[in-house]
Amino acid sequence: MRKSFEPRAWLYPEPVLVIGTYNEDGTANAMVAAWGAMSDYKQIFIALDLSHKTADNIRGRQAFTVSITDAAHIPQADYVGSVSGHDVSDKVDVAGLHVCRAEKVDAPYFEEFPLTFECSLAELDENKERVFGNIENITADECILDGRGRIDVEKLAPIAFDPVSNTYLHVSGKAGQAFHDGLVYKK
């Protein structure tokens with residue numbers, strides 16, 4: 001038996017993404033977005049309420065960063081995602097985040113989050129409130145790399161947002177092997 005629900009934003013897992021931008025005065029701004037994903041091989045998509053300070057900053061600088069939130073930094077991400085840059089201009093400092101300048105775009109990233117995508121603005125859809133960013137560079141702290149220099153998801157320890165219970169969840173543990181486990185059905 002199944003139960004029906006009204007349409008809601010319940011697609012699992014929802015990533016917890018920290019979006020980094022520079023304000024007009026050059027100070028760093030951060031916010032959290034859960035409605036984001038890859039939209040192409042070299043492009044990120046974010047659903048972003050365009051009244052956010054971050055949207056103003058993206059319009060102005062034509063750039064932003066997207067960092068994957070890890071389990072170790074939930075309090076910092078939760079804080080910058082809970083207060084508005086319009087109301088709290090120093091929320092990055094309050095959260096104790098260490099600002100770094102992105103290599104390829106005019107946007108900050110934060111030392112605490114070990115995997116960051118540097119994006120140039122590809123499109124800002126004012127009607128549907130969507131931002132598309134071309135990935136210009138990806139930086140990863142060496143602490144999350146395996147012995148072959150690739151991202152190790154266990155070391156990254158990414159989290160996901162559960163919109164039903166408003167909780168953060170661990171994303172970890174191998175469940176299967178992509179492009180292999182389904183071969184049992186191949187004739």
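Sequence positions, counted from 1, serve as the residue numbers for this chain. For the numbers below, each heavy atom of this structure counts, side chains included, while hydrogens, waters and symmetry mates do not.
- Annotation: salt bridge (Lys or Arg N to Asp or Glu O under 4.0 Å) contacts involving residues 119-128, sequence neighbours excluded, comprise Arg59-Glu126.
- Counting heavy atoms from C-beta outward, Asp56 and Thr21 have side chains that stay 4.5 Å or more apart.
- Partners of Ser39 under the side-chain contact (heavy atoms from CB on, under 4.5 Å) rule, at least two apart in sequence or in another chain, are Gln43, Phe45, Phe132.
- Counting only heavy atoms from C-beta outward, the side chains of Val80 and Met31 never approach each other to under 4.5 Å.
- Both Phe110 and Val32 are assigned to one and the same hydrophobic cluster, defined by single-linkage of ILVMFWY side chains at heavy-atom distances under 4.5 Å.
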task: Any chance you could lay out the side chain to side chain contact (heavy atoms under 4.5 Å, CB included) test for Ile19 and Ile46, step after step, and finish with the verdict?
output: CA-CA 9 Å; Ile19 313 304; Ile46 301 165; 3.5 Å; yes
Validation: residues 151-163 side-chain donor-acceptor distances under 3.5 Å, sequence neighbours left out:
unit_1 : atom_1 : unit_2 : atom_2 : d
Asp152 : OD1    : Glu154 : N      : 2.9
Asp152 : OD1    : Lys155 : N      : 3.3
Glu154 : OE2    : Gly173 : N      : 2.5
Lys155 : NZ     : Leu145 : O      : 3.0
Asp162 : OD1    : Tyr12  : OH     : 2.8
Asp162 : OD1    : Val164 : N      : 2.9
Asp162 : OD1    : Ser165 : N      : 3.4
Asp162 : OD2    : Ser165 : OG     : 2.8

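- Looking at Thr54 and Asn29, their side chains do bring a donor and an acceptor atom within 3.5 Å of each other.
- Remark: Lys104 NZ to Ile138 CD1 distance equals 12.5 Å, nearest 0.5 Å.
- Judged by distance alone, with hydrogens and angles left aside, the side-chain atoms of Asp78 form no donor-acceptor pair with the main-chain N or O of Ile74 at under 3.5 Å.
- Looking only at side-chain heavy atoms (C-beta outward), Val92 and Thr27 stay at 4.5 Å or farther from each other.
- Under the side-chain contact (heavy atoms from CB on, under 4.5 Å) criterion, Ala72 pairs with Asp70, sequence neighbours left out.
- Smallest separation of non-hydrogen atoms from Glu129 and Leu50: OE2-N, 3.1 Å.
- Summarising the geometry of Pro15 relative to Gly36, their closest heavy-atom pair is CG-O, 3.3 Å, with the distance given to 0.1 Å.
- Within the 3.5 Å criterion, the main-chain N or O of Asp93 finds no donor-acceptor partner in the side chain of Asp90.
- Here the CD atom belonging to Glu112 is positioned 10.0 Å from the OG atom belonging to Ser67, to the nearest 0.5 angstrom.
- Applying the ring pair (Phe, Tyr, Trp, His ring centres under 6.0 Å) test to pairs two or more places apart or on separate chains, none has a residue in residues 76-101.
- With sequence neighbours left out, the salt bridge (charged side-chain N to carboxylate O under 4.0 Å, His left out) criterion links Glu142 to no other residue.
- For Phe113, the ring-ring contact (aromatic ring centres under 6.0 Å, His included) test picks out His73, with sequence neighbours left out.
- Among residues at least two apart or in separate chains, there is no salt bridge (Lys or Arg N to Asp or Glu O under 4.0 Å) pair with a member in residues 33-44.
- Glu24 is linked by a salt bridge (charged side-chain N to carboxylate O under 4.0 Å, His left out) to Lys53, counting only residues two or more places apart in sequence or in another chain.
- The salt bridge (charged side-chain N to carboxylate O under 4.0 Å, His left out) search around Lys91 returns none, not counting sequence neighbours.
- Applying the salt bridge (charged side-chain N to carboxylate O under 4.0 Å, His left out) test to Arg101 and every residue at least two apart in sequence or in another chain returns Asp106.
- Looking at heavy atoms from C-beta onward, Phe117 lies in side-chain contact with Ile68 at the 4.5 angstrom threshold.
- For the atom pair Gln62 CD and Ser120 OG, the distance stands at 9.0 Å (nearest 0.5 Å).
- Side chains of Thr65 and Glu118: no donor on one and acceptor on the other come within 3.5 Å.
- Between Ile58 and Leu48 there is a side-chain heavy-atom pair separated by less than 4.5 Å.
- In this structure, Val66 and Tyr109 have side chains that are not in contact, with every pair of non-hydrogen atoms separated by 4.5 Å or more.
- A single hydrophobic cluster is not seen to contain both Leu169 and Val18; linkage of ILVMFWY side chains at heavy-atom distances under 4.5 Å, directly or through other members, places them apart.
- For residues 21-44, the set of pairs meeting the ring pair (Phe, Tyr, Trp, His ring centres under 6.0 Å) definition, not counting sequence neighbours, is empty.
- You'll find the side chain of Val105 stays beyond 4.5 Å of the side chain of Phe64, heavy atoms only.
- Between Ile135 and Ile44, some side-chain heavy-atom pair lies under the 4.5 Å cut-off.
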